[in-house]
Amino acid sequence: MLRAFFIGRFQPCHLGHVEVLRSILREVDELVVGIGSAQESHTLDNPFTAGERMLMVSRVIDELLDEMVESGEVEKPRKVYIVPLEDIYRNSLWVSHVRSMVPPFSVVYSNNPLVIRLFREAGFEVKSTKLYRRFEYQGTEIRKKMLEGEEWKALVPACVVDVIEEIGGVERLREIANADR
Ligand code: NAD
């Protein structure tokens, strides 16, 4: 039984994350998804709370698994655990912190160089996926578009648009930006 770990900040969860999740879910039996920097919210870089991001990721995974089972891409639904994880101020201890907070796993998926480095140093097998339209499917770019009133909805799944609208996410981001000026 192969249980994997994948961590993201998901600020917000976008179509790049969806493609990474799809390729991981093809290969594993169970997946632990860490919601990183869980302590952060209401800032320009991290506007959404851990709970809001859990909602985004859990809706995305539900839809994705339904689609993958229906299309025959996987035979049965995968078990997915979503765990919020606060940052700690010592990178050298971070992997132990993560391991103490989530179900056990034997392989890590990441395209983030620091995450890859820290897990490899701790002896884990780390796999990377290809990058999906990295310049468009990128949290920084999507938050910038939200702030500047540009089209951002095509870059995230429809269920994430719903969550962001439900919580007034774009208005929050704009108010925070005004408070900073
Ligand atoms: P993110 O949401 O930006 O990305 C999540 C993952 O998806 C990454 O592996 C990223 O490379 C990948 N990805 C994003 N867009 C993609 C695309 N278009 N195509 C393919 N892959 C794509 O989150 P992140 O910033 O990488 O999350 C890492 C988390 O780990 C952060 O919260 C960070 O604070 C935490 N962390 C904490 C410590 C510590 O506390 N000391 C140390 C290391 C990492």
Side-chain angles (χ1 to χ4, degrees), residues 3-28 31-61 64 68 78 80-103 105 107-147 151-157 159-161 163-164 169 173:
R3 189 179 304 110
F5 177 71
F6 173 66
I7 186 164
R9 277 191 305 124
F10 303 106
Q11 290 283 11
C13 184
H14 54 65
L15 291 172
H17 293 125
V18 175
E19 290 314 311
V20 175
L21 286 165
R22 184 194 301 280
S23 61
I24 300 171
L25 287 166
R26 273 192 208 117
E27 294 180 3
V28 304
L31 175 62
V32 182
V33 181
I35 307 288
S37 306
Q39 79 284 2
E40 298 284 349
S41 72
H42 295 80
T43 67
L44 291 178
D45 286 342
N46 292 289
F48 307 117
T49 66
E52 290 160 353
R53 290 178 275 150
M54 285 175 72
L55 198 56
M56 293 177 200
V57 173
S58 97
R59 287 193 187 172
V60 161
I61 286 173
L64 184 58
M68 290 175 79
R78 275 39 176 155
V80 178
Y81 308 86
I82 302 175
V83 184
L85 289 166
E86 295 192 6
D87 292 330
I88 60 164
Y89 294 100
R90 273 196 215 193
N91 283 335
S92 60
L93 299 182
W94 181 66
V95 170
S96 299
H97 164 66
V98 170
R99 292 182 69 195
S100 75
M101 299 297 290
V102 310
F105 55 88
V107 58
V108 176
Y109 285 79
S110 182
N111 295 324
N112 174 318
L114 175 62
V115 171
I116 293 171
R117 176 78 197 178
L118 294 177
F119 273 106
R120 288 213 171 120
E121 280 188 13
F124 277 89
E125 179 190 2
V126 183
K127 293 186 174 183
S128 295
T129 69
K130 66 182 249 210
L131 296 178
Y132 302 94
R133 293 164 67 178
R134 188 64 177 119
F135 294 107
E136 269 184 294
Y137 294 166
Q138 187 189 136
T140 315
E141 218 27 58
I142 294 168
R143 295 191 301 279
K144 190 161 160 267
K145 286 184 188 300
M146 287 174 169
L147 266 178
E151 178 48 50
W152 58 272
K153 293 182 184 174
L155 304 175
V156 307
C159 61
V160 171
V161 175
V163 174
I164 292 172
L173 200 54

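Both counts, for ligands and for their atoms, begin at 1 and track the order of listing. Along the sequence shown, residues are numbered consecutively beginning with 1.
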Ring geometry between F6 and H17 (parallel below 30°, tilted from 30 to 60°, perpendicular above 60°): perpendicular

Report yes if some N/O of R90 lies less than 3.5 Å from some N/O of ligand 1; otherwise report no. no

When only distance counts, is G8 in polar contact with ligand 1, meaning an N/O pair under 3.5 Å? no

Taking the six-membered ring where the residue is Trp, are the ring centres of F105 and F124 under 6.0 Å apart? yes

Would you confirm whether the ring centroid of F5 sits within less than 6.0 angstrom of the ring centroid of F119? yes

Is it the case that E19 and Y137 place a side-chain donor and acceptor less than 3.5 Å from each other? no

Side chains of D87 and Q39: any donor to acceptor distance under 3.5 Å? yes

How far is [atom] from its nearest protein heavy atom, and which residue and atom name does that atom have?
{"atom": "atom 40 (O) of ligand 1", "value": "I88 N, 2.8 Å"}
{"atom": "atom 23 (O) of ligand 1", "value": "R9 N, 2.9 Å"}
{"atom": "atom 28 (C) of ligand 1", "value": "N112 ND2, 3.9 Å"}
{"atom": "atom 3 (O) of ligand 1", "value": "H17 NE2, 4.4 Å"}
{"atom": "atom 32 (O) of ligand 1", "value": "S37 OG, 2.7 Å"}
{"atom": "atom 18 (N) of ligand 1", "value": "Y132 O, 2.6 Å"}
{"atom": "atom 21 (N) of ligand 1", "value": "N111 ND2, 2.9 Å"}
{"atom": "atom 34 (O) of ligand 1", "value": "D87 OD1, 2.8 Å"}

Region of W94 that comes within reach of ligand 1 [heavy atoms, distance under 4.0 Å]: side chain

Per-atom contacts of ligand 1 with [X], taking only distances under 4.0 Å to non-hydrogen atoms:
{"X": "V20", "answer": "20 (C), 21 (N), 22 (C)"}
{"X": "L131", "answer": "19 (N), 20 (C), 21 (N)"}
{"X": "G36", "answer": "32 (O)"}
{"X": "G16", "answer": "17 (C), 18 (N)"}
{"X": "N91", "answer": "38 (C), 39 (C), 41 (N), 42 (C)"}
{"X": "F6", "answer": "6 (C), 7 (O)"}

Side chain to side chain, F48 and V163, heavy atoms closer than 4.5 Å: no

Taking the side chain from [X] and the backbone from [Y], do they hold a donor-acceptor pair closer than 3.5 Å?
{"X": "E121", "Y": "R117", "value": "no"}
{"X": "E125", "Y": "K127", "value": "no"}
{"X": "R9", "Y": "S37", "value": "no"}
{"X": "R143", "Y": "Q11", "value": "yes"}
{"X": "S128", "Y": "S110", "value": "yes"}

In this structure, are over 12 heavy atoms from other groups packed under 6.0 Å from R26 atom CZ? yes

Would you say K130 touches ligand 1, if touching means a heavy atom closer than 4.0 Å? yes

Any idea which of L114, I116, T129 brings a heavy atom closest to atom 43 (C) of ligand 1? L114

Out of Q138, R134, Q11, who is nearest to atom 15 (N) of ligand 1 when you count heavy atoms only? R134

